[in-house]
Amino acid sequence: MSHVTTDGTAETFSEHGHARTLSGAALRVVVAIALCFSAFQLVVAAFHPLSSLVMRSVHVGFLLLLTFLLYPATKKGIRHGRIAWFDWILALAAITLASYQWVFEGDLIQRAGDPTQTDIIVGVIVVSLLFEAARRILGLALPLVCLIFLAYGLFGQHLPGDLAHRGYAFSQIVDQLAFGTEGIYGIPTLVSATYIFLFILFGAFLEHAGMINLFNSLALGLVGHTKGGAAKVAVITSGLMGTISGSGVANVLTTGQFTIPLMKRFGYSGVFAGAVEATASMGGQIMPPVMGAVAFIMAENLNVPYAEIVKAAAIPAILYYVTAFWMTHLEAGRKNLVGLSRAECPRPWLALRQSWYLILPLAALVAMLFSGFTPMFSGMVGLSLTAILILGASIAARLSATAFRYVFWLGVGLAAAAFVEWGIWVIIGLITLLAVACLFVKGGRETLHTIKQSLVDGAKQALPVGIACAIVGVIIGILTLTGAASSFAGYILNVGQSSLFLSLVLTMIVCLILGMGIPTIPNYIITSSIAAPALLQLGVPLIVSHMFVFYFGIMADLTPPVALAAFAASSIAKESAMKIGVKAIQIAIAGFVVPYMAVYEPLLMLQGELSVSGVAYIVGKALLAIVLWGAAAIGYLRMPLSKGERVLATGAALLLVAAVPVTDELGIGLAALFFAWHEFRHRRTIAA
């Protein structure tokens, strides 16, 4: 994804490659293909007309087709503004070969494990095209890592000692990667082709419908007038955006255009403003219900209900945003920053009253997920409800009807229709009827254009996620074939026998290193395949072990030297990305600490034997540690802290986090001493 600011400063930053700026016939072709891609995914989700493997193959074919048309081989191709002839060939080859699984499905099943020469040629071309597409859209890091694993599969038998495997024929490796369900068409691609695409499309619809403006209005109205309100607005807006957006960096580039200049205007430094936005935006990937799309893959991998993943993520996500909010409050106090005037802040309830119907799809989605419905069904209902509400609100407003009442009953009708035997046809009929009606009301065509643009943008936004899910199948295929994951897991187990903490640190370092340049989804897939099973054998609960590697994969985007969220924020804040990254680590300390706390106290992720008192105690302890850490890091509570107070607060926070006997009592005691000392100093200063 690339983004251009009004002054042109942000155009050099691109999260996902550098896309061409197309016009004329080429643009119309790409738009048509994107619409076909979205239509295909919606048909698959609604009717399941194809077998699973064929559906995955066609999904990857569409991903490759659009990637080659939108992303040139080199940066020089961007300036030309047209699609090179060889990119047309690559695109056509990709979508043609995607049909190979469809046309020869029966034959491939019969000769599974014994590929023909034609099969091998097709497999090699498809894998090669996937590597090239990943290089264009994701950069070199992930393709190089996958290439290393591929080389290990081809030549690993020549390595010394335990590193070697027994050796595999070239045809066997191609068959593993390009055919079947343990290579590029594995579980990640399945999830990309079903849940992830629907939720990306859902987010695109809500964004085009005006959800970002609603989030901004709510945040400004609720906290904009408070001390340091500009930064608090950034935290709340980014947190709300995280509920519908799957990309932290995209979150920075959208909400950051508004929040970072606002923070700088009210006295925050550019570094702090960029760090707050980067921290809050990356937190969106742990914010239910979307969670950066990793939640769907995790649920599929662990074979647990999606609601269980969301339940485990809820408290840590809240603690993460409480930390960011607390840090901005203390920084505002330290610098004596005021909020916006009441006149500058919109009325939140008025904004909610005008656009409340946009909340309905999100509320319906969350309610259905927690009621046991599948993510695919929930996503389809949420997406359909959004489309109906957009179309219905447009028609109701033009007819001078009571728009909200009209839209509300449409939503109720859809919700009821979704559960009847012919519900899908009722939904399609209602959407079609509203779309036709829009052709005959003033402004209706603009609404239809919004729907079309949402479908196009959803398809484009799915490209980096889908390509990452497909190419990481190379790693999964090689690990499955050779059993190499057990070697690294054995090493972690050996370390863990002497110290679980050292095993956790080692796993964290691996996640942070892999995350430097590799998107969150493939990072999670790699580390969960290698490290999470070892943590499970060391006694860490199943979901907690996977959440541990997931969290540190996200934190990699805040950790220098390769901190994509910090680079995105720096392009807007016009400050050093390294300085923003260092400050972001300080603000996002909860993201580094909570995973460790959850390992030793699984109640933090609602795992184990649950009790209200137990959960309340561990959450209260975490909140107290956050308060202490924030005061120590910023150097302010009710007044500036002395060096002794900062040391005391840091020690108390560390003791509260540690899961060693007596540390809780010592931490609470030191915290009480710190608060008493600080209150004494504060009163003495006032008296003086």
Side-chain angles (χ1 to χ4, degrees), residues 1-4 8 10-41 57-100 102 121-122 124-143 184 189 192-193 197 200-201 204 208 247 249-250 253 449 451-471 519:
M1 170 181 172
S2 59
H3 189 87
V4 184
E11 62 184 358
T12 57
F13 180 82
S14 177
E15 179 192 9
H16 298 305
H18 293 269
R20 294 181 171 102
T21 302
L22 299 175
S23 60
L27 177 61
R28 289 192 291 273
V29 169
V30 169
V31 168
I33 293 172
L35 288 172
C36 289
F37 189 16
S38 292
F40 166 77
Q41 294 296 155
S57 174
V58 176
H59 175 74
V60 172
F62 267 116
L63 292 171
L64 295 175
L65 171 63
L66 276 176
T67 299
F68 287 125
L69 295 181
L70 283 173
Y71 294 87
T74 63
K75 289 185 178 181
K76 292 181 179 179
I78 302 169
R79 293 194 295 268
H80 296 315
R82 53 186 174 82
I83 302 173
W85 62 269
F86 53 85
D87 283 337
W88 284 109
I89 293 176
L90 293 177
L92 291 174
I95 195 64
T96 302
L97 294 179
S99 64
Y100 189 80
W102 193 349
I121 293 172
V122 169
V124 168
I125 295 175
V126 170
V127 172
S128 301
L129 290 174
L130 183 57
F131 268 92
E132 171 59 13
R135 181 195 68 81
R136 294 187 182 196
I137 199 169
L138 299 172
L140 284 172
L142 181 57
I184 64 176
T189 299
S192 171
F197 191 96
I200 289 176
L201 205 55
H208 280 280
S247 170
V249 177
L253 292 172
H449 179 74
I451 297 290
K452 185 189 84 168
Q453 199 58 45
S454 300
L455 291 168
V456 172
D457 287 350
K460 291 179 180 179
Q461 291 168 19
L463 296 181
V465 176
I467 292 293
C469 287
I471 195 170

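Worth knowing before you read on, the calculation uses all heavy atoms, side chains too, and leaves out hydrogens, waters and symmetry mates. Position 1 is the first residue of the sequence, and the numbers go up from there.
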With rounding to the nearest 0.5 Å, note down the distance linking [atom1] in [X] to [atom2] in [Y].
| X | Y | atom1 | atom2 | answer |
| --- | --- | --- | --- | --- |
| Ile89 | Thr96 | CD1 | OG1 | 11.5 Å |
| Leu69 | Leu27 | CG | CG | 11.5 Å |
| Leu138 | Leu463 | CG | CG | 10.0 Å |
| Ile83 | Leu70 | CD1 | CG | 7.0 Å |

State whether the side chain of [X] and the backbone N or O of [Y] hold a donor-acceptor pair below 3.5 Å, judged by distance alone.
| X | Y | value |
| --- | --- | --- |
| Gln41 | Ala193 | yes |
| Arg135 | Leu142 | no |
| Ser38 | Leu35 | no |

(message) Tell me every residue that passes ring pair (Phe, Tyr, Trp, His ring centres under 6.0 Å) with Tyr100, counting only those two or more places apart in sequence or in another chain.
(response)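 Ring pair (Phe, Tyr, Trp, His ring centres under 6.0 Å) check on Tyr100 returns Phe104.
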Margin query: Taking ring pair (Phe, Tyr, Trp, His ring centres under 6.0 Å) as the definition, give me every residue that meets it alongside Phe62, ordered by chain and number, with sequence neighbours left out.
Written below: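 Phe62 satisfies ring pair (Phe, Tyr, Trp, His ring centres under 6.0 Å) with Phe37, Phe40 only.
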Donor-acceptor pairs under 3.5 Å, side chain of residues 455-462 to any protein atom, not counting sequence neighbours: which ones?
residue, atom, partner, partner atom, Å
Asp457, OD1, Gln453, NE2, 3.2
Asp457, OD2, His208, NE2, 2.7

Looking at every heavy atom in both [X] and [Y], which two are closest together, and how far apart are they?
| X | Y | result |
| --- | --- | --- |
| Phe86 | Ala73 | CE1-CB, 4.3 Å |
| Ile471 | Ala134 | CD1-CB, 3.5 Å |
| Ser454 | Leu201 | O-CD1, 3.7 Å |

Please assess Arg136 against Asp87 for the test salt bridge (Lys or Arg N to Asp or Glu O under 4.0 Å), listing each intermediate value before the final yes or no.
-> CA-CA 12 Å; Arg136 294 187 182 196; Asp87 283 337; 2.8 Å; yes
Residues that [X] engages under side chain to side chain contact (heavy atoms under 4.5 Å, CB included), provided they are two or more places apart:
| X | answer |
| --- | --- |
| Val29 | Ile33, Trp88 |
| Ala98 | Ser57 |
| Ala133 | Leu64, Thr67, Phe68, Ile467 |

Could you walk me through whether Ser192 and His59 pass the side-chain hydrogen bond (donor to acceptor under 3.5 Å, both in side chains) check? CA-CA 9 Å; Ser192 171; His59 175 74; 2.9 Å; yes
